[in-house]
Amino acid sequence: MAQRVTFRRRNPYNTKSNQIKVVKTPGGKLVAQHVKKQATRPKCGDCGIPLPGIATLRPRGYASISKTQKTVSRAYGGSRCANCVKERVVRAFLIEEQKVVKKVLKEAAAKK
């Protein structure tokens with residue numbers, strides 16, 4: 001005969017946050033273990049790819065780990081990927097260069 005297993009928490013419904021896994025104890029009894037929800041990897045805010053080098057946890061889990069596990073040592077460390085940071089740097093540089101060129105052309109026009 002199959003042994004019955006019951007929820008161990010107060011919530012009696014089969015919801016996403018109340019999933020169980022049936023486990024056999026060393027005493028030969030079947031018990032329900034509540035399973036935590038799967039964590040999703042942190043994503044780049046610009047392009048949306050998963051960020052390498054950053055721990056994959058449920059949101060509350062980030063409070064209990066060290067800063068080195070939440071970021072990488074670079075500008076925009078834990079929020080943008082390396083390629084997007086590179087694009088931002090290049091874009092900023094080109095905008096500054098454009099301003100310099102405009103200024104030079106303006107001065108040249110003023111001389112004439």
Side-chain angles (χ1 to χ4, degrees):
M1 191 175 97
Q3 187 183 337
R4 284 173 183 258
V5 174
T6 58
F7 287 119
R8 295 169 76 177
R9 295 182 184 155
R10 287 172 189 258
N11 181 3
Y13 300 106
N14 184 29
T15 60
K16 276 200 293 186
S17 61
N18 203 31
Q19 294 300 312
I20 60 164
K21 182 170 100 178
V22 179
V23 176
K24 190 175 253 184
T25 63
K29 225 169 62 168
L30 293 179
V31 294
Q33 275 189 355
H34 286 274
V35 180
K36 287 186 175 178
K37 289 200 278 188
Q38 277 285 305
T40 57
R41 295 202 37 207
K43 310 270 194 310
C44 172
D46 288 349
C47 65
I49 67 160
L51 294 172
I54 294 168
T56 305
L57 300 169
R58 296 296 300 166
R60 194 75 178 104
Y62 289 106
S64 61
I65 60 169
S66 65
K67 190 177 180 182
T68 57
Q69 291 173 298
K70 290 182 270 198
T71 62
V72 291
S73 51
R74 177 178 59 239
Y76 297 99
S79 93
R80 302 288 184 271
C81 69
N83 288 333
C84 291
V85 173
K86 195 196 301 182
E87 277 178 24
R88 281 172 180 236
V89 170
V90 170
R91 189 183 308 133
F93 172 76
L94 291 175
I95 288 169
E96 289 302 312
E97 285 295 301
Q98 211 171 16
K99 286 179 186 174
V100 171
V101 169
K102 270 186 183 175
K103 191 177 176 185
V104 168
L105 290 175
K106 196 174 183 183
E107 285 174 4
K111 272 189 178 177
K112 287 183 179 178

Could you walk me through whether Gln19 and His34 pass the side chain to side chain contact (heavy atoms under 4.5 Å, CB included) check? CA-CA 6 Å; Gln19 294 300 312; His34 286 274; over 6 Å; no
Identify every side-chain donor-acceptor pair in residues 20-27 under 3.5 Å, counting partners at least two apart or on other chains, and give the distances.
residue: Thr25; atom: OG1; partner: Gly27; partner atom: N; Å: 3.4
residue: Thr25; atom: OG1; partner: Lys29; partner atom: N; Å: 3.2
residue: Thr25; atom: OG1; partner: Lys29; partner atom: O; Å: 3.2

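- The closest side-chain heavy-atom distance from Leu51 to Arg41 is not below 4.5 Å.
- Between Cys47 and Cys81, the closest side-chain pair of non-hydrogen atoms falls below 4.5 Å.
- The neighbour count for Gln38 CD, taken as heavy atoms of other residues, nucleotides or ligands under 6.0 Å away, does not exceed 12.
- Taking 4.5 Å as the limit, every side-chain heavy atom of Lys43 sits out of range of all side-chain heavy atoms of Ile49.
- Summarising the geometry of Gly77 relative to Ile54, their closest heavy-atom pair is O-CD1, 4.2 Å, with the distance given to 0.1 Å.
- Side-chain contact between Arg88 and Arg80 is present, with heavy atoms from C-beta onward closer than 4.5 Å.
- Considering every non-hydrogen atom in both Phe7 and Pro12, the closest pair reads CE1-O, 3.5 Å.
- Looking at Ser64, its side chain does come within 3.5 Å of a backbone N or O of Gly61 through a donor-acceptor pair.
- When side chains are defined from C-beta on, Lys37 counts as touching Arg58, because their heavy atoms get closer than 4.5 Å.
- Annotation for Ala32 and Thr6: closest pair CB-O, 3.5 Å, computed over non-hydrogen atoms.
- Counting only heavy atoms from C-beta outward, the side chains of Ile95 and Lys99 approach each other to under 4.5 Å.
- Side-chain atoms of Tyr62 and Pro42, non-hydrogen and from C-beta on, do get closer than 4.5 Å to each other.
- Rounded to the nearest 0.5 angstrom, Asn18 CG and Arg8 CZ are separated by 12.0 Å.
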Donor-acceptor list for residues 102-112 side chains, cut-off 3.5 Å, not counting sequence neighbours:
none

